[in-house]
Student: 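Handing you this structure, nothing more for now.
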Amino acid sequence: MEERYVPSAVEEKWQAIWERNKSFKVTEDETRRKYYLLEMFPYPSGRIHMGHVRNYSIGDVVARFKRMRGFNVLHPMGWDAFGMPAENAAIQNKSHPAAWTYENIDYMRGQLKRMGLSYDWDRELATCDVEYYQWEQQIFLRMYERGMAYKRNSSVNWCPKCETVLANEQVEDGACWRCDSVVQQKELEQWFFRITDYAEELLACTEQLSGWPERVLTMQRNWIGKSFGCEITFPVVDRAETITVFTTRQDTLWGATFMSLAPEHPMALALTTPDNLAQVTAFIDKVKGTDKIRRTADDFEKEGVFTGSWCLNPVTGQRMPIYLANFVLTDYGTGAVMAVPTHDQRDFEFARKYGLTLQVVIQPEGETLDPATMTAAFTAEGVLVNSGQFDGMQSSAAKEAIADYLEQQGLGKKTVNYRLRDWGISRQRYWGNPIPIIYCDSCGAVPVPVKDLPVVLPKDVAFTGEGGSPLARLEPFVKTACPVCGKPARRETDTMDTFVESSWYFLRYCCPDFTGGPLDKKRAEYWMSVDQYIGGIEHAVLHLLYARFFTKVLRDLGYVNVDEPFTNLLTQGMVIKDGAKMSKSKGNVVDPNALIERYGADTARLFSLFAAPPEKDLDWSDQGVEGSFRFLSRLWKLMYECLPFIAGVNAASGEPANAEARALRRTVHKTIRKVTGDLDERFHFNTAIAATMELVNAIQAFTPKNAPENGPVLREALESVVRLLAPFVPHFAAELWEALGKAESIESAGWPDFDPAATVDDELLIVVQVNGKLRGRITVAVDTAEDKVKALAMADDNVQAFVAGKTPKKVVYVPGKLVNIVV
RNA sequence: GCCCGGAUGGCGGAAUUGGUAGACGCAAGGGACUUAAAAUCCCUCGGUCGCAAGGCUGUGCCGGUUCGAGCCCGGCUCCGGGCACCA
């Protein structure tokens, strides 16, 4: 063993050994308990950043810990390799997205290996490899057969900068989630996945995902947005048509005095009378021309226009003017809303603005609302009035009763509504998975036959940066023959949203070399579900919802047998420096390469695990990194000094030679217990490391180290420290383990067990309180009887001073911990 | 507006079931070693009073429950995140 700790030498040595031995390669083994540990795979953007370092360090600790605990651990890594940055880079550098992507992958793979992460590299995959995306095309076709993938004309979110469509989930505050451009609305023929068919199951299963953070589940539930209500049909005056609305407030039906339709409502123009046509079309144009940011702004004014038509309130028979209103969403419910201005704030504002009728139907307890003097809608619970036979009912009870009544009368029906929309997956981009469809003038949209798969993404494409998809301009790709009739036909040139690839990559890791189909069912069954998934909170809705959906689809298609992909989810916090997220523009970026070069991967890993618990944001501190390096150097030196005293000595197993040795051994076994608990149940890496540091401090303070009778305890202590640190600083631990004379690798050495007998204290520190305030501490033998402890507590000088001769009213005794004397 | 989190020394954070608040680390101050510095090692380190023993005070604020509250309950304040015209 070298006298000084030189990380680069140690790390290169062990990385070479792991690579040569394929130390982390796994195969399915029914006789062993499996553990599937997965971190979200990276987009190959060029180089890894500190967020990756943290994410993958956390994952690697768990993987290595579980391995030492005897699990058969699947820990794979790959590349989320399709996507727009590659295309943009290609335009800029006049190169090809594939070249850019694969160069990045090669570089980043090297970086990950340099971190000493224990992946089974034989399972590596890149989603842009045809070996991967061909199977996705097959899945698409199966979904198409079942109507799970379909095409329809729709108004879509269009990012003018990316020149492509975005799913609802990918629009943040009316802007593109990727480039922040203001998203526009555009009518396009688009491919969709019918995720709404799974809305109920996706929602219901959130109840069973007890290993997920509550806030992620809440976000998903909100996104799915289930609500109970009624669909109610309103006849249009003097016409055969009817308007159906969705409402959750059927208890306010008697107060509905007008009707609001979305400007995009299919009946909008049909209901418009000739003398209103000019205003109505102007209004529709105005709404469509307003971008989403302004349309959803806080101060956006509610506006509308009268169509000239009327409908009838089905229960009161009152005539209700039909308006178009800019706040009514075409996508939600039926795109039509019965307006109850007295009990809905938006309708209230609208009615005031256009001088429409207000009718109170819910009265609050002990108050009488007057439409003439109301300044806001009353939206809370109350008692029904002006509502026929339902007068006097509580509004919550009336909801049920009125829903039943409407069903009996054939005026409406109870319904459940969801906010979740189908997942639009069409992207007008090149660097993605081609959608395997052919359009024929005679046969229509025809799926590419499975035998003709894969539809390979052509390589010879020019990247000009001009608008539209490069694929659509590539004649040899577009021109093809119809698989049904053989006549000339055109290929679909849309590619799939890259979230499709990441929706099932965790399944492909189970059998990445399988050529018989997307998944080898047997191997997937062995590994699935992912026992622990680790990644950023930013994917709480997008990726994590899509992946859950896809898993259920693949289950229903017979590919897998699990309902949920991820049993436990850990969302790690961001890496912060100087109070802000690391970014080039803020100039607070820490480069992992420089960090590793200076301190080594082990220090980088140790610090990122020690500085904060994983789910919290991590405040980067250069001094903190220095401290972690100091700790490793100190332990290295300690080992170097102690080796001569423990050479040829066996680790302690029985009773130590003296009190000091017994105390050290107790610390060792208590630390093993603590670290095991922290890693196994809580993922509290920071406290596990802190406990190990305390143990190192205790070994350092232990004397005399050179006494032969202390050798066994000293060796046991050092061996334990090394094993406890192995998941955190694997190279460092491997080197010290070897220095301790171990022929067997530390990876196969197993996790240390603690001896409960060795953790037992021979004396206890009892805290003595008087009236709940700390007044003294006494040390007693473990087996001291309660009465004796109380007596000793009472006898303490300082305690006496505070008891001041009074007779205790009560003495509380918490065994082994505290005595509280109440006077 | 609604729904989640969170608030503990100069800083990052501990306190696992209601039982010694501040583990561990960083920073700071003092000392040793050194011609000097770096590195390393030792000591101090919530505030305050005290020579000391020790006292008082202290976990965002106000109140409650309890022998005992950072932790439980009620009411606030501030910060962070998510959703946001969802009928």
Side-chain angles (χ1 to χ4, degrees), chain A residues 172-173 213-223 225-227 229 245-250 252 256 260 262 295-298 300-302 325-329 331-340 343-347 349-350 379 417-419 537-538 540-541 576 606-607 610-613 615-628 630-631 633-634 637 674 677-678 681-682 684 686-694 696-697 700 765-777 797-798 801-802 808-814 816-823:
Chain A
E172 293 166 355
D173 283 333
E214 197 51 43
R215 60 181 181 139
V216 174
L217 295 175
T218 304
M219 283 161 75
Q220 294 213 351
R221 286 181 197 127
N222 288 345
W223 193 264
K226 183 180 188 178
S227 58
V245 304
F246 170 75
T247 183
T248 57
R249 292 299 306 271
Q250 58 273 15
T252 64
S260 304
R295 206 171 155 180
T296 56
D298 279 345
F300 192 71
E301 202 181 341
K302 285 154 194 44
N326 60 359
F327 62 86
V328 178
L329 305 171
D331 270 1
Y332 185 75
T334 61
V337 181
M338 67 175 206
V340 185
H343 305 295
D344 181 285
Q345 187 57 29
R346 294 154 301 179
D347 296 342
E349 288 170 32
F350 197 87
T379 56
N417 199 48
Y418 299 91
R419 290 175 56 189
I537 185 77
E538 64 272 20
V541 178
I576 302 285
L606 188 66
F607 177 72
F610 176 64
E615 63 281 0
K616 284 186 76 168
D617 284 349
L618 184 155
D619 219 331
W620 195 263
S621 145
D622 293 333
Q623 284 106 337
V625 176
E626 196 81 47
S628 292
R630 235 175 355 235
F631 167 70
S633 302
R634 196 153 55 85
K637 202 174 129 205
K674 159 95 178 140
D678 280 354
E681 293 139 34
R682 310 199 308 162
H684 281 205
N686 55 332
T687 53
I689 293 167
T692 312
M693 285 174 168
E694 284 184 80
V696 171
N697 292 344
Q700 216 152 19
L765 180 73
I766 304 285
V767 169
V768 186
Q769 298 179 336
V770 178
N771 290 335
K773 292 204 173 192
L774 178 68
R775 297 303 177 193
R777 296 180 176 86
D797 284 350
N798 201 44
F802 280 89
K809 285 183 202 143
K810 186 174 174 184
V811 179
V812 179
Y813 177 59
V814 180
K817 286 209 162 150
L818 123 169
V819 175
N820 187 12
I821 300 159
V822 187
V823 294

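Every chain is numbered from 1, with letters handed out A, B, ... down the list of sequences. Worth knowing before you read on, the calculation uses all heavy atoms, side chains too, and leaves out hydrogens, waters and symmetry mates. Note that the coordinates shown come from a computational prediction; the quantities given were computed from them, not determined experimentally.
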Student: Kindly give the heavy-atom pair with the smallest separation between Asn326(A) and Lys302(A), and that separation in Å.
Tutor: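 Result for this residue pair: OD1-CA, 3.6 Å.
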Student: Across the strands shown, which category fits Gly627(A) at heavy-atom distances under 4.0 angstrom: base, sugar-phosphate, nothing?
Tutor: sugar-phosphate
Student: Do Lys817(A) side-chain and U20(B) base share a donor-acceptor contact under 3.5 Å?
Tutor: no
Student: How is Arg777(A) classified with respect to the nucleic acid when contacts are heavy atoms under 4.0 Å: base, sugar-phosphate, or nothing?
Tutor: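 Base, at least one base heavy atom under 4.0 Å.
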Student: Among the nucleotides U20(B), C26(B), C86(B), which one has an atom lying closest to any side-chain atom of Leu765(A)?
Tutor: U20(B)
Student: For Pro808(A), which residues count as a side chain to side chain contact (heavy atoms under 4.5 Å, CB included) partner, sequence neighbours excluded?
Tutor: Met794(A), Val811(A), Ile821(A), Val823(A)
Student: What pair of heavy atoms forms the shortest contact from Phe607(A) to Asp619(A), and how long is it?
Tutor: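 What the structure gives for the nearest pair is CZ-O, 4.1 Å.
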Student: Quick check: Phe350(A) with Phe327(A) (ring centres under 6.0 Å apart)?
Tutor: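 Yes, they do, as the ring centres are separated by less than 6.0 Å.
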Student: Going by purine N1 to pyrimidine N3 plus the second Watson-Crick contact, or the G-U wobble pair, all under 3.5 Å, which nucleotide sits opposite A39(B)?
Tutor: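 None - no nucleotide pairs with A39(B), as no candidate has both distances under 3.5 Å.
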Student: Using the C1' atom as the point on both nucleotides, what is the distance between C2(B) and U17(B), in whole Å?
Tutor: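 Comparing C1' positions in U17(B) and C2(B) gives a spacing of 34 Å.
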Student: Write down the distance between CD (Glu615(A)) and C1' (G81(B)), rounded to a whole number of angstrom.
Tutor: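 After rounding, the reported distance stands at 15 Å.
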Student: Find every protein N or O atom lying less than 3.5 Å from an N or O atom of nucleotides 2-9 of chain B, and list the pairs.
Tutor:
none

Student: Does Gly229(A) offer a backbone N or O that forms a donor-acceptor pair with the side chain of Gln250(A) under 3.5 Å?
Tutor: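 Absent.
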Student: Please list each protein N or O that sits under 3.5 Å from an N or O in nucleotides 49-58 of chain B, with the distance.
Tutor:
residue	atom	partner	partner atom	Å
G55(B)	OP1	Arg775(A)	NH1	3.1
G55(B)	OP1	Asn798(A)	ND2	3.1
C56(B)	OP1	Arg775(A)	NH2	3.1
C56(B)	OP2	Arg775(A)	NH1	2.9
U57(B)	OP2	Lys773(A)	NZ	2.9

Student: Describe the nucleic acid contact of Val822(A) in one word from base, sugar-phosphate, nothing, applying a heavy-atom distance below 4.0 Å.
Tutor: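 Result for Val822(A) = sugar-phosphate.
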Student: Which one is paired to U44(B), where only Watson-Crick or G-U wobble pairs with both distances under 3.5 angstrom count?
Tutor: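 Partner of U44(B): A28(B).
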Student: State whether the distance check finds a donor on one side and an acceptor on the other, under 3.5 Å, for side chain Lys809(A) versus base C67(B).
Tutor: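 Looking at the base of C67(B), it does not pair with any donor or acceptor on the side chain of Lys809(A) (distance under 3.5 Å).
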Student: Give the C-alpha distance, both sets of side-chain angles, the deciding distance and a yes or no for salt bridge (Lys or Arg N to Asp or Glu O under 4.0 Å) between Arg215(A) and Glu615(A).
Tutor: CA-CA 12 Å; Arg215(A) 60 181 181 139; Glu615(A) 63 281 0; over 6 Å; no
Student: What's the CD-C1' distance between Gln769(A) and A69(B), to the nearest Å?
Tutor: 12 Å
Student: Within this structure, what is the NZ-to-C1' distance between Lys810(A) and G68(B), rounded to whole angstrom?
Tutor: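 Going from Lys810(A) (NZ) to G68(B) (C1'), I get 10 Å.
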Student: Looking at U20(B), which nucleotide sits across from it as a Watson-Crick or G-U wobble partner, both distances under 3.5 angstrom, or is there none?
Tutor: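 Pair assignment: U20(B) / none.
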Student: On RNA chain B, compare the nucleotides closest to Thr248(A) and Asn697(A); which residue's is nearer the 5' end?
Tutor: Asn697(A)
Student: Could you tell me which non-hydrogen atom of Arg777(A) sits nearest to which non-hydrogen atom of Leu774(A), and how far apart they are?
Tutor: NH2-CD2, 3.6 Å
Student: If I pick the C1' atom on A15(B) and the same atom on U40(B), what distance separates them, to the nearest angstrom?
Tutor: 32 Å
Student: Asn417(A) near the nucleic acid: base, sugar-phosphate alone, or nothing, with a heavy-atom cut-off under 4.0 Å?
Tutor: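 Asn417(A): no heavy atom of the nucleic acid under 4.0 Å.
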Student: Can you tell me the base-pairing partner of G74(B)? Count Watson-Crick or G-U wobble geometry only, both distances below 3.5 Å, and say none if there is no partner.
Tutor: C62(B)
Student: Can you identify which nucleotide, out of A14(B), C83(B), G12(B), has its nearest atom closest to the Ala611(A) side chain?
Tutor: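 Looking only at heavy atoms from C-beta outward on Ala611(A), the closest nucleotide is G12(B).
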Student: What nucleotide, of A14(B), C85(B), C24(B), holds the atom closest to the side chain of Glu694(A)?
Tutor: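 Of the options given, the side chain of Glu694(A) lies nearest C24(B).
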Student: When you measure from the side chain of Asp347(A) to the backbone of Val340(A), do you find a donor-acceptor pair of N or O atoms at a distance under 3.5 Å?
Tutor: yes
Student: From U40(B), C24(B), C86(B), pick the nucleotide closest to the side chain of Lys637(A)?
Tutor: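 Of the candidates, U40(B) comes closest.
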Student: A14(B), C67(B), C24(B): which one has an atom nearest the side-chain heavy atoms of Val812(A)?
Tutor: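 My answer, after comparing the listed nucleotides, is C67(B).
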Student: So, does Arg221(A) get its side chain near the phosphate of C83(B), meaning an N or O under 4.0 Å from OP1 or OP2?
Tutor: no
Student: As a quick check of understanding, evaluate side-chain contact (heavy atoms from CB on, under 4.5 Å) for Leu618(A) and Ile576(A), giving each step before the final call.
Tutor: CA-CA 6 Å; Leu618(A) 184 155; Ile576(A) 302 285; over 6 Å; no
Student: Mapping Leu818(A) and Met693(A) onto RNA chain B by nearest heavy atom, which one lands closer to the 5' end?
Tutor: Leu818(A)
Student: Could you tell me how far U66(B) sits from G18(B) if I compare only their C1' atoms? Round to whole Å.
Tutor: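 Rounded to whole Å, the distance is 9 Å.
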Student: Whole angstroms only, please: what is the CG-P distance between Asp678(A) and A23(B)?
Tutor: 17 Å
Student: Between Arg419(A) and C85(B), is there a contact of a side-chain N or O with OP1 or OP2 at under 4.0 Å?
Tutor: no
Student: Determine the Euclidean distance between corresponding P atoms of C71(B) and G60(B); express it in Å to zero decimal places.
Tutor: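 Their P atoms lie roughly 8 Å apart.
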Student: With rounding to whole Å, what would you report as the distance between C45(B) and G22(B) at their P atoms?
Tutor: 12 Å
Student: Rounded to the nearest Å, what distance is computed from the CD atom of residue Gln700(A) to the P atom of nucleotide C43(B)?
Tutor: 11 Å
Student: Find the distance Asn771(A):CG to U66(B):C1' and express it as a whole number of Å.
Tutor: 13 Å
Student: Please report, rounded to the nearest Å, how far the P atom of G18(B) is from the OH atom of Tyr813(A).
Tutor: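 Atom OH in Tyr813(A) sits about 20 Å away from atom P in G18(B).
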Student: Under 3.5 Å for both donor-acceptor distances, Watson-Crick or wobble: does C2(B) have a partner, and if so which one?
Tutor: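 Here C2(B) is engaged in a pair, and the nucleotide opposite it is G82(B).
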Student: Checking understanding here: a glycosidic angle within 90° of 0 is syn, the rest anti, so what is G9(B)?
Tutor: syn
Student: Cut-off 3.5 Å, side chains only: do Arg775(A) and Asn820(A) have a donor facing an acceptor?
Tutor: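 Checked: Arg775(A)/Asn820(A) side chains show no N/O donor-acceptor pair below 3.5 Å.
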Student: Touch check for Arg346(A), heavy atoms < 4.0 angstrom, all strands: base, sugar-phosphate only, or nothing?
Tutor: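 Since a base atom lies under 4.0 Å of Arg346(A), the category is base.
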Student: Which whole number of Å gives the distance between the P atom of A84(B) and that of C11(B)?
Tutor: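 Looking at atom P only, A84(B) and C11(B) are 36 Å apart.
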Student: How many whole angstroms separate atom CG of Asp619(A) from atom P of C11(B)?
Tutor: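 Nearest whole value for this atom pair: 12 Å.
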Student: Side chains of Thr687(A) and Asp678(A) only: does a donor on one sit below 3.5 Å from an acceptor on the other?
Tutor: yes
Student: Using a heavy-atom cut-off of 4.0 Å across all strands, would you classify Arg634(A) as base, sugar-phosphate, or nothing?
Tutor: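 Sugar-phosphate, no base atom in range.
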Student: Any idea which of A87(B), A14(B), U20(B) is nearest the Asn686(A) side chain?
Tutor: A14(B)
Student: Could you report the tightest heavy-atom contact between Ala691(A) and Lys674(A), atom names first, then the distance?
Tutor: CB-CG, 3.7 Å
Student: Which of the following nucleotides, U20(B), G12(B), A87(B), is nearest to the side chain of Phe610(A)?
Tutor: G12(B)
Student: Name the closest nucleotide to the Asn820(A) side chain, picking from C86(B), G68(B), C24(B).
Tutor: G68(B)
Student: What is the minimum heavy-atom distance between Thr379(A) and His343(A), and which atoms define it?
Tutor: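 Thr379(A) and His343(A) have their closest heavy atoms at CG2-O, 3.5 Å.
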